[in-house]
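Below is one structure, written out as structure tokens; comments come after it.
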Amino acid sequence: MSVCTPPRNPDAEPLQLPQLALVRQRFDRSAIADPAAATHAELDRVIPSDLPLQGKRVAITAGSRGIAALGEVLAATAAFFKSRGAEPFIFPAMGSHGGATAQGQREYLEHLGLTEAHLDAPIVSSMEVRQIGETHHGVPVYLDANALAADHIVLVNRVKTHTKFSGRLESGLFKMLAVGAAKHLGAATVHRESVRVGLAEVILSNARLALKRAPVLAGIALVENAAGALHTLCACPPATMEDKESGLLTLSKTLMPRLPVQDIDLLVVDEIGKNISGTGMDTKVTGRNRDILSEFDEPDPTLPRVKRIAIRDLHPDSQGNALGIGFADFTTDRLVAAMDYGKTVTNALTGISPEKAAVPIHFPTDRAMIDAALGSLGAWQPNTVRLVRIRDTKHLDLVAVSPALLPDLPGHCEVVHTPQDMTFDETDNLRPLEA
């Protein structure tokens, strides 16, 4: 079903949309030139040379995010352990993603290019878990059964801000251990108990117990720069993992991309997706969150204040999971059509976040969506409305802003071209955002 804009008088002048200036944000783009070599070097530093690994099975986590150089890092990790005589394998550590099925999670990895051929290691996908204990909060702790049956587990994950809370540890190795590697049952348990205990505390206490009782050998923490490239790679043993992740989270926060201004009337987002953010679009970028666990515990004056959000498309690498669509006020028919309702709802309910799967008002074209979104602001004017258009919340180096925002741009912004009319194709959909 499609929602259409109200009929207009054919003799009336067409709505004058605000012009947009293209702006480049200058972020720290420092990056690791050879991720595979960096992985080998870090593992060689952390894994004792006299540790007997001949014939040992090593389980290596692979998540569902679009992490920079993840394939190179996983392949290098597997190669390192093979060089020491071990038998490494990759296992999906993505909670309920991929439709919460073993085949769905394997297919998700393959869709990201993480195939057995590319990684030169077998992928062992199962939703079977074992309970390894219970925290002092009374929360049961689960872990992938195949990983527990291995001699060693190596965690690989990106360290970044979490979309639901702020804390000493947010999204990283501890979350991978407590949620991702705990599969559907463990992820659902963590989120359910978080309503009672708090998500940050459940992740922390579950991961601490898992580190004591599971054969975790090391973690490989990855930090990206604002352009989405691999900035830092650090391996650490279980004993130092918590402190190391905390420090890397601080680094990640200094590097993360942000919108150039805080007060925005309309934010147009070209794409959402699980490969972009766990919530489709990063709440720490948009400043908008809808969640029973947190509306961000304390008002954060550094986060944007956005009145309306309109999203255009779903990234194909999200494989139909449109979690985060519920953050938007407006969207398009094609995004709704691309949505795999089952995957989206499974993910939303596992995370105790039905709000994130709610479908907003949707329109047949970008033009109709933007007309309606602007109209919902009240008496707006092209020269005063504060409109920002972005590709997604992970890639913010190139953004488009309306003329009213130009005086507010910070010093790290460069105007690539002056305000110009929005350009639509023959189907009334916006043309790509590019320099």
Side-chain angles (χ1 to χ4, degrees), residues 35 61-75 90-119 123 125 156-158 160 163 171 175-176 179-180 187 222 224-230 256-257 268-283 285-286 311-328 331-332 334-348 350-351 356-357 390-398 429-430 432-434:
T61 65
S64 56
R65 303 288 189 263
I67 300 173
L70 181 60
E72 295 173 75
V73 173
L74 291 177
I90 310 296
F91 74 99
M94 56 180 75
S96 65
H97 303 170
T101 68
Q103 183 60 27
Q105 296 202 344
R106 173 185 284 273
E107 290 174 355
Y108 199 113
L109 293 184
E110 292 174 350
H111 190 74
L112 294 176
L114 305 178
T115 63
E116 291 185 343
H118 177 67
L119 302 175
I123 294 174
S125 183
V156 181
N157 201 22
R158 175 177 55 199
K160 64 179 289 294
T163 55
S171 183
K175 183 193 170 193
M176 172 65 81
V179 182
L222 312 173
E224 295 176 348
N225 63 24
L230 185 58
M256 70 176 289
V268 178
V269 182
D270 283 357
E271 288 184 321
I272 64 169
K274 293 295 292 185
N275 57 310
I276 295 164
S277 171
T279 51
M281 51 182 167
D282 195 330
T283 60
V285 171
T286 65
I311 50 177
R312 300 179 54 236
D313 278 300
L314 179 64
H315 197 289
D317 283 351
S318 199
Q319 287 200 307
N321 189 334
L323 193 76
I325 189 173
F327 288 137
T331 190
T332 62
R334 66 181 180 279
L335 194 157
V336 175
M339 177 182 181
D340 184 314
Y341 189 73
K343 286 182 180 178
T344 306
V345 169
T346 297
N347 195 180
T350 300
K356 295 181 181 63
I390 62 174
R391 172 182 163 190
D392 57 55
T393 56
K394 186 178 178 182
H395 301 93
L396 295 171
D397 53 329
L398 205 62
N429 292 316
L430 283 168
L433 184 64
E434 56 190 9

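What you see is a predicted model, and the numbers here were worked out from it, not measured in a lab.
In this structure a side-chain-to-backbone donor-acceptor pair under 3.5 Å is present from Thr332 to Arg312. Under the 3.5 Å distance criterion, the side-chain polar atoms of His111 are matched with a main-chain donor or acceptor of Pro316. In terms of modelled atom types and a separation under 3.5 Å, the side chain of Ser125 and the main chain of Pro92 share no donor-acceptor contact. Side-chain atoms of Gln105 come within 3.5 Å of backbone N or O of Gly95 as a donor-acceptor pair.
Note: Asn321 CG to Ser96 OG = 8.0 Å, rounded to the nearest 0.5 Å. A distance of 7.5 Å separates OG1 of Thr344 from CG of Leu314, quoted to the nearest 0.5 Å. Atom CG in Leu112 sits 12.0 Å away from atom CD in Glu107 (nearest 0.5 Å). Taking CG of Leu222 as the start and CG of Leu70 as the end, the distance is 7.0 Å to the nearest 0.5 Å. Taking CD of Glu271 as the start and OG1 of Thr393 as the end, the distance is 11.0 Å to the nearest 0.5 Å. In this structure, CE in Met281 is found 8.5 Å from CD1 in Ile390, a value given to the nearest 0.5 Å.
Taking each heavy atom of Leu109 and Met94 in turn, the nearest pair found is CD2-CE, 3.6 Å. Val73 and Val156 make their closest contact through CG1-CG1, 4.0 Å (heavy atoms, listed as atom of the first residue, atom of the second, distance). Here the shortest heavy-atom pairing between Ala68 and Gly228 reads CB-O, 3.1 Å. Closest approach of Ile325 to Ile272, counting heavy atoms only: N-CD1, 3.9 Å. Heavy-atom minimum distance, Thr346 versus Thr350: O-OG1, 2.7 Å. Residue Ala93 comes nearest to Thr61 through the heavy atom pair CB-CB, 3.8 Å, listed as atom of the first residue, atom of the second, then distance.
Looking at heavy atoms from C-beta onward, Ile90 lies out of side-chain contact with Leu114 at the 4.5 angstrom threshold. The shortest distance between side-chain heavy atoms of Thr279 and Phe327 falls below 4.5 Å. At least one side-chain heavy atom of Asn157 sits under 4.5 Å from a side-chain heavy atom of Ile67.
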Verdict with supporting geometry, Asp392 and His315, side-chain hydrogen bond (donor to acceptor under 3.5 Å, both in side chains):
CA-CA 10 Å; Asp392 57 55; His315 197 289; over 6 Å; no
Please walk me through it: do Lys160 and Glu224 pass side-chain contact (heavy atoms from CB on, under 4.5 Å)?
CA-CA 8 Å; Lys160 64 179 289 294; Glu224 295 176 348; over 6 Å; no
CA sep, side-chain torsions, deciding dist, call: Arg106, Glu116, salt bridge (charged side-chain N to carboxylate O under 4.0 Å, His left out)
CA-CA 10 Å; Arg106 173 185 284 273; Glu116 291 185 343; 3.6 Å; yes
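Side chains of Asn347 and Lys274: a donor on one and an acceptor on the other come within 3.5 Å.
Between Asp313 and Arg334 there is a salt bridge, with a side-chain nitrogen of the basic residue lying less than 4.0 Å from a carboxylate oxygen of the acidic one. By the 4.0 Å N-to-carboxylate-O rule, Arg391 lies too far from Asp270 to be salt-bridged with it.
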